[in-house]
Student: 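Attaching a single structure in structure tokens format; questions to follow.
Just so it is clear, the model here is predicted, and its values are computed rather than measured. Below, each value reflects all heavy atoms present in this structure, side chains not excepted, and no hydrogens, waters or symmetry copies. In what follows, chains are A, B, ... by sequence order, proteins preceding strands, each numbered from 1.
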Number of protein chains: 2
Amino acid sequence: MIDGGARRGRADKRTAILAAAFRVFAARGYAQACVRDIADEAGVAKPTVYNHLTDKESLFRESLLAAADRARVRLDAALDGLRAPGDPAVALARAVGELAEVLASDEVRSLRLLALGNAALFPELVGEAHRRTSAATATALADRLARLVLSGALRRCEPDRAAGHLLSLVDGALDARSAWGSRELPAAEARAAGEDAVEVFLLAYGGQASE
Amino acid sequence: MIDGGARRGRADKRTAILAAAFRVFAARGYAQACVRDIADEAGVAKPTVYNHLTDKESLFRESLLAAADRARVRLDAALDGLRAPGDPAVALARAVGELAEVLASDEVRSLRLLALGNAALFPELVGEAHRRTSAATATALADRLARLVLSGALRRCEPDRAAGHLLSLVDGALDARSAWGSRELPAAEARAAGEDAVEVFLLAYGGQASE
DNA sequence: CCGGAAATGAACCAACGGGTTCAAGTTATT
DNA sequence: AATAACTTGAACCCGTTGGTTCATTTCCGG
């Protein structure tokens with residue numbers, strides 16, 4: 001999120017470049033994206049790109065990590081609904097539905113795809129992106145689930161493990177319905193996938209009351 | 001699996017080329033893999049490659065689809081254990097453990113990664129690979145689960161939906177434990193992930209006896 | 001409004017790699 | 001043995017693209 005390098009050039013150009021880079025990389029893939037296109041998309045001249053970032057590789061790294069941080073914010077926000085009081089079951093369905101929507105969004109999907117698809121070239125990025133998004137979401141969700149256990153809405157269990165299971169169900173449902181992302185998934189359907197996941201999750205983890 | 005084009009050149013060379021191509025693509029990624037390397041890996045001269053396949057793109061397509069068909073065979077084999085008689089719960093754990101091992105294997109992981117990572121260049125391949133592996137496995141598993149429902153080992157449910165849930169749990173567990181595949185997963189751990197998935201699955205779907 | 005940093009565009013370089021060609025050697029088939 | 005198909009290796013062509021240079025213009029802080 002923060003890296004304290006002495007920035008060169010105007011900051012707004014830099015962020016425009018990184019955002020454009022991510023879009024172009026996502027659309028064409030790393031190798032097929034040429035710096036020229038990225039510069040155009042950013043509304044900037046090619047030398048300007050090289051004034052801000054040393055080379056194409058760092059362009060990829062930085063733009064991807066920035067996207068990961070943006071994704072993290074959105075994922076966290078989706079789970080924030082679980083902090084509000086109210087019926088835990090409906091809150092869970094709502095929050096996870098929202099989470100599924102975010103996970104199915106273009107930006108988040110592209111992020112994961114780009115990291116995975118270029119693992120050969122950027123091995124560190126896979127783990128780093130995973131840490132900043134999936135892993136972070138898992139622990140955040142585990143925290144929320146722990147409270148639900150205490151409140152009796154969920155049966156006694158290990159929150160981390162349960163969070164992993166719930167996220168697996170969501171991811172899996174999204175993958176299956178979109179055929180690995182080859183079919184565009186409308187927001188409503190993504191939300192439905194999330195709610196479906198919650199339903200099964202509650203079958204396994206629900207408290208006595210919700211069974 | 002079969003495509004009836006009039007084959008040119010010696011058949012053994014062709015299969016060697018496709019196998020080598022898949023290995024090189026998996027190791028370096030599509031764009032970074034050069035035809036020269038593939039020819040070397042196959043123990044063949046470059047023009048020979050172009051004698052069998054028109055260009056690099058078809059080289060990728062064919063090698064990937066061939067790998068998908070190989071994967072399909074292994075996936076089906078893993079589920080075949082469910083046909084044997086015996087305690088359904090242990091059979092399920094064993095079969096899904098084996099399935100997880102196959103899913104975590106280099107070849108199957110690479111296949112998925114290559115298809116997803118080059119979706120921009122080969123959009124059709126994503127759906128096709130998904131159909132030949134994940135989707136096929138899902139329906140095969142659904143068939144097995146249906147029998148388990150009839151035998152009373154599982155509670156009444158829609159087999160397709162249940163199969164999707166079980167596979168989600170397996171995939172998710174593998175992704176989480178390997179950090180999206182960035183950490184190599186030993187076979188034993190993969191198997192454990194599969195068995196863990198079955199455990200939760202049975203919590204949600206187990207018959208009265210297994211609860 | 002002034003001065004230095006930053007942005008521009010155009011031209012340029014060099015490496016890389018897909019794809020072809022060709023003459024010579026090898027393998028099957030009849 | 002003869003013939004046709006296949007393979008080989010090496011050289012070659014050429015488009016693409018990452019990265020640089022530079023003279024000129026634009027922008028922003030003081």
Student: Less than 4.0 Å between a side-chain N and a carboxylate O, is that true for Arg109(A) and Glu184(A)?
Tutor: yes
Student: Whole angstrom is fine here: how far is it from CG in Asn51(A) over to P in dA7(C)?
Tutor: 5 Å
Student: Where the side chain of Lys56(B) is concerned, which of dT17(D), dG9(D), dG18(C) is the nearest nucleotide?
Tutor: dG18(C)
Student: Let me spell it out: for each of Arg36(B) and Ala45(A), pick the nucleotide of DNA chain C with the closest heavy atom. Which residue's pick is nearer the 5' end?
Tutor: Ala45(A)
Student: Taking OP1 and OP2 of dT8(C), is either one under 4.0 Å from a side-chain nitrogen or oxygen of Lys13(A)?
Tutor: yes
Student: Using only heavy-atom distances, determine whether the side chains of His165(A) and Asp196(B) contain a donor-acceptor pair under 3.5 Å.
Tutor: yes
Student: Whether Lys56(B) engages the ring of Phe25(B) as a cation-pi pair (distance to the six-membered ring centre under 6.0 angstrom, angle to the ring normal within 45°) should be assessed.
Tutor: no
Student: Salt bridge check, Asp143(B) against Arg147(B): does any charged N sit closer than 4.0 Å to a carboxylate O?
Tutor: no
Student: Would you mind reading off the distance between Glu57(B) atom CD and dG18(C) atom C1', rounded to a whole angstrom?
Tutor: 11 Å
Student: Report which part of the nucleic acid Ala33(B) touches: base, sugar-phosphate, or nothing (heavy-atom distance under 4.0 Å, all strands).
Tutor: sugar-phosphate
Student: Using the side-chain heavy atoms of Asp55(B), tell me which of these nucleotides is nearest: dG19(C), dG19(D), dT8(D).
Tutor: dG19(C)
Student: Could you state the atom-to-atom distance from CG of Leu53(B) to C1' of dG19(C) in whole Å?
Tutor: 14 Å
Student: Roughly, in whole Å, what's the span from CG in Leu59(B) to P in dG17(C)?
Tutor: 15 Å
Student: Going 5' to 3' through nucleotides 20-30 of chain D, assign each nucleotide B (protein heavy atom under 4.0 Å from a base atom), S (under 4.0 Å only from sugar-phosphate atoms) or - (no protein heavy atom that close).
Tutor: BB-----SS--
Student: Is the shortest distance from a Lys or Arg side-chain nitrogen in Asp40(A) or Arg36(A) to a carboxylate oxygen in the other one below 4.0 Å?
Tutor: yes
Student: Between atom CD in Gln32(A) and atom C1' in dG15(D), what is the gap in whole Å?
Tutor: 15 Å
Student: For a quick test of reading the model: is some side-chain N or O of His52(A) closer than 4.0 Å to OP1 or OP2 of dA6(C)?
Tutor: no
Student: If you measure from the Lys or Arg side-chain nitrogens to the Asp or Glu carboxylate oxygens, is any gap between Glu98(B) and Arg94(B) under 4.0 Å?
Tutor: no
